[in-house]
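Okay, so here's the structure we're looking at.
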Amino acid sequence: MILPVLFYAFVVFAGIQITYYLFFTSFLFSDKKQSEKPVNETPISVIICAKNEAKNLQKFLPYIIAQNYSDFEIVLINDASSDETQDVMEAFKAKHTNIKLINVENTEAFWGNKKYALTLGIKASKNEHLLFTDADCKPVSKNWITEMSKKFSSEKSIVLGYGKYKKEKSLVNLFVRFETLLTAIQYFSYAKLGAPYMAVGRNLAYKKTEFFNVKGFINHIQVKSGDDDLFIQDAANKNNTTICTSNNSFTESIAPTSFTKWFQQKRRHISTANYYKIQYQFLLGLFFISKVFCLLLASILFFFYPWKIILSILILYYFVQFLVVGFSAKKMKETNIVVLLPFLEIGLLLFQFSIFMTNLISKPNHWK
């Protein structure tokens, strides 16, 4: 009696997974051909908040300065750094007139909270249109600002971009890039269909008006992370949000070099999901849970149920998954990921489950 029940449960979970992946195809049809540059370039303020990032600023800030864009300022925020970050910022400012410095001291209220530092930078910026990235990121092209700013319009005031990780020859790098791609597929697809729920601060743009409309980060100021996704939870909707997936709009970061470092990073990121709206917690949770039970039940039924039927359903599942993830990986320039897709999927599930269990026991550390 129990085998038929398990089989039907397997079919339901497999069906849910296939439906999700078909849903994820929505973002593949974005970014149709546009003119190479807008007729009038919108003045942009690029905002970078840095804490103990002296070396990364020296390495990556020149890529921001060298952007092929006529009207932009760079707002550098030193968030109470204990290294030479302030000195590096001042050295760049001495050479470039479009750089503005904000120095957050330890003695100020809310020190150590990145959201407070960002708020000071946003208030100090002179332009309505803001573009955010991190100190350890670089644009993949000189047209990054151009590509992201193209997406602004009278209706669209929030632009979600893609923050990729540099390809390296290591197992952890492969998993980091796969997880980053899968996350992007999800948040781009939801936004494309009118339900934006998150963004990555490594590549995000919005109008200053949107920031003040929701009173900045006030609704989640007590949560040290979430200056990107929790802000989107408050400010984004189907009418004011769009996505940018053109290759020249990407930013690139150095991936964590060990599973331990990545584990700590993802603990901080995942902890903010508890503050998502209920409908997004449900939908994201259903995707994870249905995947776990689909693969778990398949592995059990394969030995106790007609294996050809189980295999046929699994083949359909992986066929749809390979198509969607494959075309997405091609669009986002991550094609080598597809070859190891089943292995990466199972490994990532185990990794995410371990984070979930660890976060139940103890709270993660945040911006230091």
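Note: hydrogens, waters and symmetry copies are ignored here, and every other heavy atom, side chains too, is used. Numbers here are sequence positions counted from 1.
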query = From Thr335 OG1 over to Leu181 CG, what is the distance, rounded to the nearest 0.5 angstrom?
reply = 10.5 Å
query = What is the distance from atom CG of Asn240 to atom OG of Ser154, rounded to the nearest 0.5 Å?
reply =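 If I round to the nearest 0.5 Å, the distance is 12.0 Å.
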key: Candidates Lys114, Lys51, Arg202 - the one meeting salt bridge (charged side-chain N to carboxylate O under 4.0 Å, His left out) with Asp134   =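 It is Lys114; the other options fail the test.
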request  = Might you confirm whether atom CZ of Phe23 has over 12 heavy atoms from other residues, nucleotides or ligands at distances under 6.0 Å?
outcome  = yes
request  = Taking atom CD1 of Ile2 as the centre, report whether more than 12 heavy atoms of other residues, nucleotides or ligands fall under 6.0 Å from it.
outcome  = no
For [Y], is there any backbone N or O sitting under 3.5 Å from a side-chain donor or acceptor partner on [X]?
X      : Y      : value
Lys208 : Ser125 : yes
Thr241 : Lys238 : no
Asn127 : His129 : no
Lys100 : Leu76  : no
Lys151 : Cys244 : no

key: Closest non-hydrogen atom pair between Asp227 and Lys115, with its separation   =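 Nearest heavy atoms, Asp227 then Lys115: N-CE, 3.6 Å.
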ask   = Hey, quick one: are Val324 and Tyr162 part of the same hydrophobic cluster, counting side-chain heavy atoms closer than 4.5 Å, chains of contacts allowed?
value = yes
Linked, directly or transitively: Phe60 and Leu131 (ILVMFWY side chains, under 4.5 Å) =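 The answer is no; the residues belong to distinct hydrophobic clusters.
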inquiry  = For residues 11-23, which residue pairs pass the side-chain hydrogen bond (donor to acceptor under 3.5 Å, both in side chains) check, not counting sequence neighbours?
reply    =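 Applying side-chain hydrogen bond (donor to acceptor under 3.5 Å, both in side chains) to every pair that reaches into residues 11-23, excluding sequence neighbours, yields Gln17-Ser290, Gln17-Lys291, Tyr21-Lys291, Tyr21-Gln321.
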Under the ring-ring contact (aromatic ring centres under 6.0 Å, His included) test, residues paired with Tyr63 that sit two or more places apart =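 Applying ring-ring contact (aromatic ring centres under 6.0 Å, His included) to Tyr63 gives none.
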inquiry  = Which label fits Phe211 and Tyr206: parallel for a plane angle under 30°, tilted from 30 to 60°, or perpendicular past 60°?
reply    = parallel
